[in-house]
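Data block below; observations after.
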Protein chains: 2
Amino acid sequence: MGAIRGARERARAEITAAIKEEAARQLGTHGPAGLSLRAVARELGMASSALYRYFPSRDDLLTALIIDAYDAVGAAAEHELAMLDRRQPAAQPVERWVAVCRAARDWAVGHPQEYALIYGSPVPGYSAPQDTVGPASRVGLALVSVVRDAHTAGLLGEPAGRPLAGPVRADAGRLAAELAPELPIRVIAALVAAWAQVFGIVSFEVFGQFNRVVEARSEFFEQAAVALAAQVGLRTDGGARDGAIAAGASAGSAGRGAGGVLPAK
Amino acid sequence: MGAIRGARERARAEITAAIKEEAARQLGTHGPAGLSLRAVARELGMASSALYRYFPSRDDLLTALIIDAYDAVGAAAEHELAMLDRRQPAAQPVERWVAVCRAARDWAVGHPQEYALIYGSPVPGYSAPQDTVGPASRVGLALVSVVRDAHTAGLLGEPAGRPLAGPVRADAGRLAAELAPELPIRVIAALVAAWAQVFGIVSFEVFGQFNRVVEARSEFFEQAAVALAAQVGLRTDGGARDGAIAAGASAGSAGRGAGGVLPAK
DNA sequence: CCAAAAGCAAGAGCACCGCTCTCTATTTTT
DNA sequence: AAAAATAGAGAGCGGTGCTCTTGCTTTTGG
C-alpha cells in the first residue's frame, strides 16, 4: 500500500509480479495442471528453490493467480458497466445487466484457462482461502448493483417464478440484509439463480460443452442474458403492465427490430 | 459384447475394471490432479509398467473415467425419469423435467470429483475424444424427451423470451432437425439455454461458489429447475391460458401449497 | 561506521510422477 | 509341439514439488 521503502522491497515486488506473470503465461498455454514451478523459475533464470522465497508452495502461487483472475473478471464487468453508463447515461436496466454479463463472458472466452481456474473444478486440495471471497464476489455485486439501480429508478417488476420455499426465502432474506435490503426477497433469490445460470452458459461455452451444439455463441449468450434479466424482474421497456410478469414482454416485443437482441458487442 | 472367450480375456476385463475402480476411488479422495498411475498400480499390487497394458496413458484412463461418469449421470437421469413414470404415470411435464434435473444434481453432489471431471475444467491437453459425445449427451437428451413428450401431449406452451436472433435460430433449427423436428425452434433454443443453466447451478453448488451464499441447496435448485421448466414452455397446470407465457403462473400459483415447490426428493 | 540480523539465491537431494524399454513367463493360436 | 501373441516385472529417463544447507547481500541497530 504505502510507498516502497527500499531497493529490496521494490525488487521483491517486481520479482513477485514477474513470477505471477510468467505463471499466468504458462497457465494460458499448458493449463492449470501444467503449471510447473521449476519451469517458471527456469524461464525467469533463477533456481527453482529461490522461487519458494516468494510463494511458499505451488498452491499459493495458484491462489494468487486465482485472486488475480477474480479481480480481472470483476474489473472487466465493472469497467464495462461504467463505460456503458458514460456512453449512454439513460441505458435501460436490461442493457446494463447484459453489459455486465457480456463483460464476464468476453473475459472468459478471452482467458479460458484463468476462467477455468476460478469457475472450473476446484484445484487439488483447495480450501478457498478467505482472501478470495472478496474478489470472487465482484461480478455478482455488479449484477446486484444493476438490479438495485433499477429498483430505485422504479424499473423493477416482479421476478418470474413461484413463491419461494421456506429455506430459500431464509437464504435470500439473509443475503438481502447483507447487500441490498431494499430489494424484494424474491428478486434476490432470482438474482442468485440468474448469477449461477449466466456462468453456467459461459462455462458450457468455454469448457466445450457447446461444441457441435451452439455455434453462434455470443448471440446465444446475449439472448439468454436478456431472458435472465427478465427473470430477475428487469423491465425491457420502462412502461405499463405494473406488477405483471416482466418476462411476459415477449408478445409485443418489437424491441430493437430485425432479429437483433441488443446492440451486439 | 459377446461371450467371454478365454481365461485371458476374462482376466483382462476384470483387471481393467479393477483399475478403473481403484482410479475412481483415488479420484474421489485426491481429485483428478492427484490420480497417479503408480499409486493405482501399487494399490492393485502390480508393477506400474504393467498398467500400461490396459491403458496406454494416464489421459486414456481419465478418458475412460470421463465416459463412465457421463454414463453414470445419464443413467441416473434416465432411471429417475423412468421411476417417476412408473410411480406416477400421469406426472406433469414440469415434474418430469424437475425429476431429470434433480437426478443430475443428486448425482453431482454425490460424486463431486467425477462431476468435476466432466463438467469442470477440461483436463490438461484434452481433446474430447469422439467416444465421449454419446454418453455426454444423455442428460440433455433426457430433457429433450421430457419436452417432446409434453409437446405430443399438448402440454407445451410458448417459451419465454424474445424472438430469436438469426444465428441462434439457425443453430436451434439444426438441432431441431437432429433431435426433435416436431418441436418449435424457440423451444429448442430455450431448452439448450436451460440445459446449460441447470448445470450452472449444479456447478456453483458443487464447486463451492454457493458457500456462504446459498445454504438450502436442494430447495434452491428445485425452485430454479421449476422456473427453467417454465422458461422452456412446460406448463405447470394442464389448462387454460393457451399460448400465454407459461412462466406467468406466479399470480395465482396456489400450486401445491405451503411454500413447497414440488414434492421434494 | 561497522557488526549483527535478516533476507535472498543457489545447489544438492529426496520422494514421487508418467512413460519407455527390455526381459521373462504364460497363454493362445497354428 | 512350435510359433505367435500377450501379460507382468524391473530398471531407468527426465520431469515434478519441496526441503535443507551453504554462501552472499542488504538492511538494521548500537
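Naming convention: chains lettered A, B, ... in sequence-line order (proteins, then strands); numbering from 1 in each chain.
Atom C1' of nucleotide C:dG18 and atom CG of B:L62 are separated by 12 Å, given to the nearest angstrom. In this structure, CG of B:L61 is placed 15 Å from C1' of C:dC17, rounded to the nearest angstrom. Atoms CZ (B:R10) and P (D:dT6) sit 19 Å apart, rounded to a whole Å. Remark: C1' of C:dA10 and CE of A:M46 are 10 Å apart, rounded to the nearest angstrom. Here the P atom of nucleotide C:dG7 and the CD1 atom of A:I15 are 15 Å apart, to the nearest Å. As a whole-Å value, the separation of A:F55 CZ from D:dT19 P is 16 Å. For A:L37 and C:dC17, the CG to C1' distance is 15 Å, given to the nearest whole Å. Here the C1' atom of nucleotide C:dC8 and the CG atom of A:L51 are 12 Å apart, to the nearest Å.
Between the side chain of A:R38 and the base of D:dG17 there is at least one donor-acceptor pair of N/O atoms closer than 3.5 Å. Under 3.5 Å, the side chain of B:R8 and the base of D:dT6 form at least one donor-acceptor pair of N or O atoms. A donor-acceptor contact under 3.5 angstrom links the side-chain atoms of A:S49 to the base of C:dA10.
Heavy-atom nearest nucleotides on DNA chain D were determined for A:Y52 and for B:G45, and the one closer to the 5' end corresponds to B:G45. Each of A:R53 and A:L35 lies near DNA chain D, and the nucleotide nearest A:L35 is the one positioned closer to the 5' end.
Electrostatic pairing of A:R12 and A:E9 does not count as a salt bridge here, judged by no charged N lying under 4.0 Å from a carboxylate O.
At the phosphate of C:dC17, neither OP1 nor OP2 sits under 4.0 Å from any side-chain N or O atom of B:R58. Contact annotation: B:Y54 does not reach the phosphate of D:dA7 (side-chain N/O to OP1 or OP2, under 4.0 Å). OP1 and OP2 of D:dG17 both lie 4.0 Å or more from every side-chain N or O belonging to A:S57.
Picking from D:dG8, C:dC19, C:dC16 the nucleotide with the shortest atom distance to the side chain of B:R42 gives C:dC16.
Note: B:W195 and A:F204 have perpendicular aromatic rings, judged against thresholds of 30 and 60 degrees for the angle between ring planes. Ring orientation note: the planes of A:Y119 and A:F199 are close to parallel, at an angle under 30° on the 30°/60° scale.
With no hydrogens or angles considered, no side-chain donor-acceptor pair links B:D60 and B:T63 at under 3.5 Å.
The side-chain heavy atoms of B:Y115 and B:V109, taken from C-beta on, include no pair separated by under 4.5 Å.
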